Protein chains: 2
Amino acid sequence: MTDIDIAQGVEMLPIVNIANQLGVDADNLEQYGKYKAKLPLSLIDETAVKKSKLILVSAISPTPAGEGKTTVSIGLSQALNRINKKTTAVLREPSLGPVFGIKGGATGGGYSQVLPMEDINLHFTGDFSAIEKANNLLAALIDNNLQSKTRSLGIDPRTVEWKRVMDMNDRALRNVVLGLGGTTSGVPRETGFDITAASEVMAILCLATSFSDLKKRLGNIFVGFTYSGDAIYARDLNAEGAMAALLKDAIKPNLAQTIEGTPAIIHGGPFANIAQGTNSILATKMGMSLSDYVVTEAGFGFDLGAEKFIDIKCQYGNLSPDSIVLVATVRALKYHGEMDVKTLTTPDVNALKRGIPNLEKHIENMLKFCKNPVVAINKFPTDSDEEVACILDACERMGVKASAVDIWAKGGQGGLELAQMVVDTCEKNIDKVEPLYDWSWSVEKKIKTVASTFYGASAVDYTAQAKKDLKKIEKLGLSHLPICIAKTQKSLSDNPKLLGRPKDFVVTVRSIEISAGAGFVVPITGSIMRMPGLPATPAAEKIDITDDGSISGLF
Amino acid sequence: MTDIDIAQGVEMLPIVNIANQLGVDADNLEQYGKYKAKLPLSLIDETAVKKSKLILVSAISPTPAGEGKTTVSIGLSQALNRINKKTTAVLREPSLGPVFGIKGGATGGGYSQVLPMEDINLHFTGDFSAIEKANNLLAALIDNNLQSKTRSLGIDPRTVEWKRVMDMNDRALRNVVLGLGGTTSGVPRETGFDITAASEVMAILCLATSFSDLKKRLGNIFVGFTYSGDAIYARDLNAEGAMAALLKDAIKPNLAQTIEGTPAIIHGGPFANIAQGTNSILATKMGMSLSDYVVTEAGFGFDLGAEKFIDIKCQYGNLSPDSIVLVATVRALKYHGEMDVKTLTTPDVNALKRGIPNLEKHIENMLKFCKNPVVAINKFPTDSDEEVACILDACERMGVKASAVDIWAKGGQGGLELAQMVVDTCEKNIDKVEPLYDWSWSVEKKIKTVASTFYGASAVDYTAQAKKDLKKIEKLGLSHLPICIAKTQKSLSDNPKLLGRPKDFVVTVRSIEISAGAGFVVPITGSIMRMPGLPATPAAEKIDITDDGSISGLF
C-alpha cells in the first residue's frame, strides 16, 4: 500500500470535530472545505502557551532519502493522544514545486500522515500563493520604480538583491534577464527566481507575532542601494501595507488532522538552509494555546534545524522546548559508516557501528540545550534486531533515553514507549533552554560559536566576498541580528562528503546574505540551491485526476 | 462614501444562508471562511438549466473608465429578486494584478457590489493561483524537456509559444531571456510572462464542462514544433493529468453574495481580448441549476464580449441567452461624440447626439441575435435629464425597450423598471439565439462575417504573417475552430481612434494565434496588451491592513 492508498482509505473527521477536540467552536473556525480550516489569531492565549509543553523533533545528519522526521512527529503526536495527553502536531506546509519533481508529497507516511494529503500537497489553503504574490508585488514595485521618471528613488539596478519567486521546480528561471523589449517594458537587468519557500516573505510570515510586527518586518526588507550608496528598504517603496494585505489570511494557522484524528496545525514552510526551517511562531503558539502538548519539527539535521529553532525562532517567539527528540535510523547510520547508499537495506552492524559517532555528536549537541533528550529510532522493515539494539546501546552508554518506534506501519500504537519517555522528560526539563550565543556579539563571534561548539569545526575562514559582506552588514547597522547559517545537511561539516563525525575541518564562509525583514543574516558555507529543477522523469507525468475529482500519483 | 466604505458597512449573511436561498444544504457546500464557498459540480442539473432564464449584459463601446457593466449586472440581479424572481448573478473573478495598479478593485460599485469585496479582490478562493500553477507547470515541463538528454522530444526552443504567467501588473516580465547560468540551469531562450487572466488555461477552465473535458483540452494545448517540424502538444509531455489535478478545486464555481444578499456565483476571468471574456460555462450552468434567472456579463463592448459569448461559449456550453441587455452611459456617448474625455461630466446634448450612432450600431448587432433586446442607461449624478431622455428617444426610434437605472446609488431599487422589462422580454424571446457563423466555414470566411456584419468593416486585410498563420492552422487541422477576434474595445473598428460608428474601414489581421486547448483561434487586429504595467503611483502604495486584519485602500 502506498501512502496515498492508505490516506484515501481513511474516513476523515469533519474539521469542526477536530476543532471541537481543541475547544474551538465552529463559529471561531474559518472552514476551507470540510477538512481544512483557518484558526483566527484571537485564539492565541499567552497564558495557555506558558503552561503547554513543547516537544521539538529533529534528526541526525540525514541520507538523501530523509529519515522520517515528519512521520515521527505525526506518529508521536498520535501516540501522546493514545496515552491521554491532549496533543497537537504543529508542522510545516509542504512546498508545491517538489511534488512534481521526485518527491511526490511531504505529509508524513504510512499510518502517520496528515490529511487531506492531496489538498495539503496541492495549494492547501493558498498560503504559499499569497506569499508568492507578496514577494512578487515588491519585485514589481522595484522594477516599476526603476522605470519611473517622476518618482525615481535612484535605485542602481545592479544592486537589487530582491528576486521573484515561484513555487515550482523550474531550473530555467534561476538566472534570467528581464525588462527587455524597449523603453515601455522596463529596465533590462539580470535577476532570477527562487522557489517560494526560499522567499524572505516566508521567513517573515513564520517569525511575525502580529499584523503590526508583520508589516514592520516586511518594511525592513533590504532591496539594494541607490546610485549614491544609500540603502533602500521595502518601506521606501511603500510596499509593506499591500504586502501585508495580501497575507491577511496566510498569516492564520491552518487546522487539519492526522490519520488517527489527532489535530494538526500546518502553517508556513521556510527553507531550512537559507531560512529558519520551521513552522510559524503563530502556529506553534496556537497549538500551545489549544492543547497540553505540541509536537513540532525542525528541518534538516539537528545541527541546522534545531540550532535555528532555538537561536532564532525561540528567541523571537519567547518559546523554549520542554523535550527534544532526535530521530535516528539504521540506514542513515550505516550511510555514515560509509556503506554504499544502494545497499543500505542489507543488515551490516559493522557499518552501523562506524556511523554511530554521527549520532554521538548530535546527542552531545542536544545535551548543550537540555539535560534529558530522547532518541527515537525510526524503524524500517529491513532493519535487523541487532542493528536496532546497537543504537539503543549507544544511547544507553551516553545516558540518553531511546525508543525504537514503528509508527509508519502502526501509527501512534508504534510509538507509545516514546510518548511516555517524552512525557517523563517534559516533567524533568524545568530549565529554560538557553541559546548558543548572545545576539549582541559580533557576527564573526556568533558564527565561530556555532561552528566550533555545534559542528565541531577547528576554525572559520572568510572569503574576500564574505569579508565585504561583513562590512556591509556593519554599515547597515545589522550586526546585532542572529545568524542563520546555510550549510549542507549531509555532513556536520560544510563538506557534504565528510560523513560520520568529521574532525579538524575548517568552515568556509563564502558570503553573508541579509534578511533584514526576517531579522537574521545568512552566512553561506556552500552552494545553496534556491530553485530546484525537475528530474528526467518528473512525478508530474504520473499525477492524474478522475472524473469525480479524485487524485492519483501523489505518494 | 467609497465603494469599500459601503461594502464594509454592510452586515453580510453567512454563506450557508445564501446557499439555503438556492436550496443548497450546508453539507453540499465547501466553505472558504464564513462568506465564501465552492459549489460541487454535482449540483449542476441540465434539466433545470433548460428551464432557467439566462440574461446577458454587455455594453456599448466603453470609455477608458468603463461603463459599469458589472455594476449593472449586480444591480439587475438585486432588482429581479426584489420583484420576486429567484435570481443569481454569475460573474467573472477579478484579476489581482490590476488591484495594485490603477484599478483598485473590480467587484461592482456603490450599492451594487459583490461581497466580501476585499477577499474577492485579493486571492478569493485561490482559483487564479491554481491556474497560474497549472500554466507554469507546463512551462517547467517544456524547459525540462529541452534540458533532457534521455527523454528529449526534440523541441526547437525557438518555436515554443507557451509562456509563463503571473497575476501581477509587471511590465518588466513581458520579455525575458531565461535558462542562463550554464549547462545545469536550462537552455537559454527568449520568452515572457503574461498576466494570469491571459493564460490559455484560464480560457480552458472556463469552457470545460467536466474533468475529462478539462483534461482533454489541457492535453490539446499547442506548445511548438520539433526541429523536424512536428507539432508538440501538452499531451506529448504527459502534462494534462497533473495540470488538471492542480485545478481540482479551481474548477468548482464560487458562491458569494451581493450587497443586498442576492446570491452571486463568481468564477473564472479569461481576458476579453485574446480569450472569451466571460465566466465559466460551469458557473453559468450552476447558477441556472439553482435559480430561475441568471444575470451574466460579457467583457468589453457588445462587438467583442457578446459576440464571443454567443459564438464560442454558448456553442461549447449548449446555452442561449433569453434576454440581452446593453449598458449605455451618457458620458460614453458624449465621448463617442468626440467630447474631451476630461469634460465628460458637463452636460452637452449635442455631443451626446453625435455619439448616438455608436449605440445604434450596437443595437443593430443585438437585433441580429434576438428580437427583444433591452438598453440599460447607467445613470451618473452628473447626467442631465435631457441627456438621459435623448438616449431613451433613440432607443424608442429603433423600437427597443430602454430603462434608466440608478443602481450605483440605490442598489436593486434603482433598477426595478429594467428588471420588469427583462422579465417581459425573456417571455417573448422564444427562439434559440443563432451564432453569426458556422464553425465549419473557413477561418477567413468566419473572420469576414464578424468583421462585416458586426463591426461594419468594408473588407478584411491579412499581413504576410497572418497568411502564414492561416497555413499553419490548416496544417495543424484546426480550421474548424471558432474565432476569438482580438480587437480594441474602444472602437467598433480595429483603430481605437475611430469613435462613434466608423464606416468604410478595413480590418487588418496581423497574426492569428492558436488556442487549441481552449478550442479557438485568435485573429489579432491590433497591439494586444497581455501583461499590464503599474502606474507611476501604484494603488498598492495606499493599500493597508490594520492590526485586526481589516483592509483599506481598495476601491
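Fair warning: this is a prediction, and the values are worked out from it, not measured in the lab. Per chain, numbering begins at 1; letters A, B, ... match sequence-line order. Hydrogens, waters and symmetry mates are skipped; everything else that's a heavy atom, side chains included, is used.
Residues Arg151(A) and Glu541(B) meet the side-chain proximity criterion, which asks for heavy atoms closer than 4.5 Å. Between Val177(A) and Val176(B) the shortest side-chain heavy-atom distance does not fall below 4.5 Å.
Looking at Lys133(A) and Glu132(B), a side-chain N of the basic residue comes within less than 4.0 Å of a carboxylate O on the acidic one, giving a salt bridge. Salt-bridge formation is detected for the pair Asp170(B)/Arg164(A): a Lys NZ or Arg NE/NH1/NH2 atom is positioned less than 4.0 Å from an Asp or Glu carboxylate oxygen. By the 4.0 Å N-to-carboxylate-O rule, Asp27(B) lies too far from Lys34(A) to be salt-bridged with it.
Most heavy-atom pairs under 4.5 Å with chain A, from the set Asp143(B), Asn136(B), Thr150(B): that is Asn136(B). Residue with the most contacts toward chain A among Thr546(B), Asp213(B), Asp119(B): Asp119(B) (heavy-atom pairs, distance under 4.5 Å). For chain A, the option among Ser550(B), Ala130(B), Ser148(B), Ala37(B) with the highest count of heavy-atom pairs below 4.5 Å is Ala130(B).
In this structure, Arg174(A) CZ and Thr184(B) OG1 are separated by 5.5 Å, a value rounded to the nearest 0.5 Å. Thr191(A) OG1 to Leu173(B) CG: the interatomic distance, rounded to the nearest 0.5 Å, is 9.5 Å. To the nearest 0.5 Å, atom CE of residue Met168(B) and atom CG of residue Leu137(A) are 5.0 Å apart. Between Asp548(B) atom CG and Ser212(A) atom OG the span is 11.0 Å, to the nearest 0.5 Å.
Looking at Lys215(A), its side chain does come within 3.5 Å of a backbone N or O of Ile545(B) through a donor-acceptor pair. Here the side chain of Asn144(A) pairs a donor or acceptor atom with the backbone of Pro535(B) at under 3.5 angstrom.
With a 4.5 Å cut-off on non-hydrogen atoms, Pro188(A) does not touch chain B at all. Interface remark: Glu190(A) contributes no atoms to any contact with chain B (heavy atom separation under 4.5 Å). Met166(B) touches chain A through its side chain: at least one heavy atom from C-beta onward sits under 4.5 Å away, while N, CA, C and O do not. Heavy atoms closer than 4.5 Å to chain B are found in the backbone of Leu29(A), but not in its side chain. The parts of Thr537(A) that come within reach of chain B are both its backbone and its side chain, each placing non-hydrogen atoms under 4.5 angstrom from that chain. No part of Phe128(A) comes within reach of chain B, as not one of its non-hydrogen atoms sits under 4.5 angstrom from that chain. For chain B, the nearby part of Asn169(A) is the backbone; its heavy atoms alone come within less than 4.5 Å. For Ala244(A), the parts sitting under 4.5 Å from any heavy atom of chain B are the backbone and the side chain alike.
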Test side-chain contact (heavy atoms from CB on, under 4.5 Å) applied to Asp544(B) and Glu240(A), step by step: CA-CA 8 Å; Asp544(B) 205 357; Glu240(A) 70 272 25; over 6 Å; no

For a side-chain contact (heavy atoms from CB on, under 4.5 Å) check, start with the C-alpha distance between Leu141(A) and Leu534(B), then their side-chain angles and the critical distance, and finish with the verdict. CA-CA 8 Å; Leu141(A) 289 170; Leu534(B) 291 170; 3.8 Å; yes

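Checked by atom type, the side-chain pair Ser185(A)/Arg171(B) shows no donor-acceptor distance below 3.5 Å.
In this pair, Tyr32(A) and Tyr32(B) present their aromatic rings tilted. The plane angle is within the 30 to 60° band.
The two atoms that bring Ala242(B) and Ala540(A) nearest to each other are CB-O, 3.3 Å, heavy atoms only. Of all heavy-atom pairs between His123(B) and Leu246(A), the closest is NE2-O, 2.7 Å. Ala245(A) and Ile543(B) get closest at one heavy-atom pair: CB-CG2, 3.7 Å. Between Phe211(B) and Gly549(A), the closest heavy-atom pair is CE1-CA, 3.6 Å.
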